[in-house]
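Data block below; observations after.
Since the structure is predicted, the reported quantities are computational estimates derived from the model, not experimental observations. Sequential numbering from 1 along the given sequence is applied to the chain's residues.
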Amino acid sequence: MVKHKKQSRADLAFDIFNYTILGLIGLMVLYPLYFIIIASVSDPVAINAGRLSFYPIGFNLKGYQKIFEETRIWTAYYNTIFYTVVGTAVNIILTMMIAYPLSRKDFFAGKAIMAFIMFTMYFSGGMIPTYLLVQSLHLYNTPWVMILLPAINVFNVIIARTNIKGNIPEEMYEAASIDGCTHFGFFFRMLMPLSKSIIAVLVLYYGVAHWNEFMNGLIYLRDQSLQPLQIVLRNILLQSQVSAMGDIESVLEMQKAAELIKYGLILVSTLPILLVYPFLQKYFVKGVMVGSVKG
C-alpha cells in the first residue's frame with residue numbers, strides 16, 4: 001500500500017494561492033462569454049442601463065427568433081461547414097506534403113525552397129494582383145476560391161517541418177526504404193499516423209481561420225448562395241441597425257432588436273468552434289511545443 005507524503009503547511013498555502021489565482025483568471029476569461037450569453041436573452045433596456053451583471057433580466061428569445069427566421073443563415077452555415085471541412089483537409093495534406101521534403105537533410109533544394117517560402121511571409125503581390133489571378137484562374141464567384149486561395153500558411157508549414165524533424169528520425173525512412181517503401185508510402189503509412197499531435201494543432205489553426213473567413217468571401221463571392229456565415233451574419237446585423245421610417249416607437253423597437261441580435265450573432269458564430277476545441281485541446285500544447293522548440 002502506497003503511503004502519500006503529508007503535505008507541509010507551506011506547500012498547502014502555495015497550492016491554495018495558486019488555485020485562487022488561477023480561479024480568478026479563469027473567471028476573468030469566462031465572464032465575458034457568460035455575459036454575452038445572458039445579454040442575448042435579456043431586455044435591451046437593462047443592458048444599455050448597465051443593470052445586467054450575473055443573471056438575465058427580462059428573459060426573451062426575440063433575438064434568436066429574428067436570427068433564425070432568416071432562411072439564408074442555414075445556407076451560410078452549410079457553406080461555412082463545407083469551406084471549413086474541405087478547406088482544412090486540403091490545408092493539412094498540402095502543408096504536410098510541403099513540410100516532409102523540407103524536413104529531410106538529403107533534399108538538395110530544401111534551403112532554397114524554404115527561403116523562397118519564407119519570403120512570401122513578408123512580401124505579397126497585393127490585393128489587385130491577387131484579384132486578377134483569381135479571375136484568370138476562373139475561381140471568381142466559385143466555392144473553390146475559399147478553399148484554394150488560403151491553401152497554404154507559411155507559419156504552419158514551419159511548425160510542421162520542425163515537428164517532423166524533431167519526431168521522425170531519418171533511420172525510420174531508411175528502414176522503410178529497405179523494405180521497398182516509397183516516399184509516398186512512407187508519407188501516408190508512417191509519417192501521417194505518427195504526426196497526430198501536430199495535425200490536430202494544424203486542424204485547429206486552419207479550421208478556425210476558415211470558420212472566421214470574411215474578407216475573401218466579401219471580395220470574391222458575388223452570389224449570395226455561396227457566401228460564408230460571417231458575411232451573412234454581418235448583413236443581418238447591418239439590416240437590423242438601419243433606422244426605421246415611421247414613429248419613434250418603431251425605431252426604438254428596431255434598436256432593441258438590433259441589440260439582442262448583436263449578442264446572439266456572437267454566440268451563433270462562435271459556438272461550433274467552442275464545441276470542437278475540447279476534443280483537440282489535449283493535442284494542442286504537445287503539438288505546439290514540439291513544433292516550436294526542437295529544430
Ignoring hydrogens and angles, write down the donor-acceptor pairs under 3.5 Å from the side chains of residues 211-221, residues two or more places apart or on other chains.
unit_1 : atom_1 : unit_2 : atom_2 : d
Trp211 : NE1    : Ser269 : O      : 2.5
Asn212 : ND2    : Val208 : O      : 3.3
Glu213 : OE2    : Met215 : N      : 3.3
Glu213 : OE2    : Asn216 : N      : 3.1

Show me the side-chain donor-acceptor pairs of residues 19-32 shorter than 3.5 Å, one per line, residues at least two apart or across chains.
unit_1 : atom_1 : unit_2 : atom_2 : d
Thr20  : OG1    : Ile16  : O      : 2.7
Tyr31  : OH     : Ser53  : O      : 2.6

Any side-chain heavy-atom pair of Ile98 and Ile117 under 4.5 Å: yes
On a heavy-atom basis, which atom in Asn156 and which in Leu202 lie closest, and how many Å separate them? CB-CD2, 3.6 Å
Determine yes or no for a side-chain-to-main-chain donor-acceptor pair under 3.5 angstrom, with Ser195 supplying the side chain and Ile198 the backbone. no
Among all residues two or more places apart in sequence or in another chain, which pass the side chain to side chain contact (heavy atoms under 4.5 Å, CB included) test with Ala99? Ala160, Arg161, Ile164
Treating Ile, Leu, Val, Met, Phe, Trp and Tyr as nodes and any side-chain heavy-atom pair under 4.5 angstrom as an edge, say whether Leu149 and Leu137 lie in one connected cluster. yes
Met192: which residues meet the side chain to side chain contact (heavy atoms under 4.5 Å, CB included) condition with it, sequence neighbours left out? Ile92, Ile93, Met96, Phe187, Ile199
Here the salt bridge (charged side-chain N to carboxylate O under 4.0 Å, His left out) pairs for residues 120-129, sequence neighbours left out, are none
By the ring-ring contact (aromatic ring centres under 6.0 Å, His included) test, which pairs, at least two apart or in different chains, include something from residues 132-181? Tyr131-Tyr140, Tyr173-His183, Tyr173-Phe186
Go through the structure and list residues passing salt bridge (Lys or Arg N to Asp or Glu O under 4.0 Å) with Arg104, not counting sequence neighbours. Asp106, Glu170
With sequence neighbours excluded, residues passing side chain to side chain contact (heavy atoms under 4.5 Å, CB included) with Pro129: none
Chi angles and distances behind the side-chain contact (heavy atoms from CB on, under 4.5 Å) call for Ile159, Tyr205: CA-CA 11 Å; Ile159 292 178; Tyr205 282 169; 4.0 Å; yes
Any residue meeting side-chain hydrogen bond (donor to acceptor under 3.5 Å, both in side chains) with Ser225, in chain and number order, not counting sequence neighbours: Asp223
Enumerate the residue pairs fulfilling side-chain hydrogen bond (donor to acceptor under 3.5 Å, both in side chains) with a member in residues 75-93, sequence neighbours excluded, ordered by first and then second residue. Asn91-His210
Side-chain heavy atoms nearer than 4.5 Å, only ILVMFWY residues, links allowed to pass through others: does that put Leu132 and Val134 together? no
What pairs of residues pass the ring-ring contact (aromatic ring centres under 6.0 Å, His included) test when at least one of them lies in residues 101-121, not counting sequence neighbours? Phe119-Phe123
Met114 side chain near Ile158 side chain, heavy-atom distance below 4.5 Å: yes
Output for pair (Leu229 CG, Ile81 CD1), nearest 0.5 Å, gives 9.0 Å
Any idea which heavy atoms bring Ile168 and Met172 closest together, and the distance? CG2-SD, 4.3 Å
Hits for side chain to side chain contact (heavy atoms under 4.5 Å, CB included) against Leu94, two or more places apart or cross-chain, chain-then-number order -> Val90, Ala151, Ile152
Minimum side-chain heavy-atom gap Leu133-Thr130 below 4.5 Å: no
To the nearest 0.5 Å, what is the distance between CD1 on Ile113 and CG on Leu102? 6.0 Å
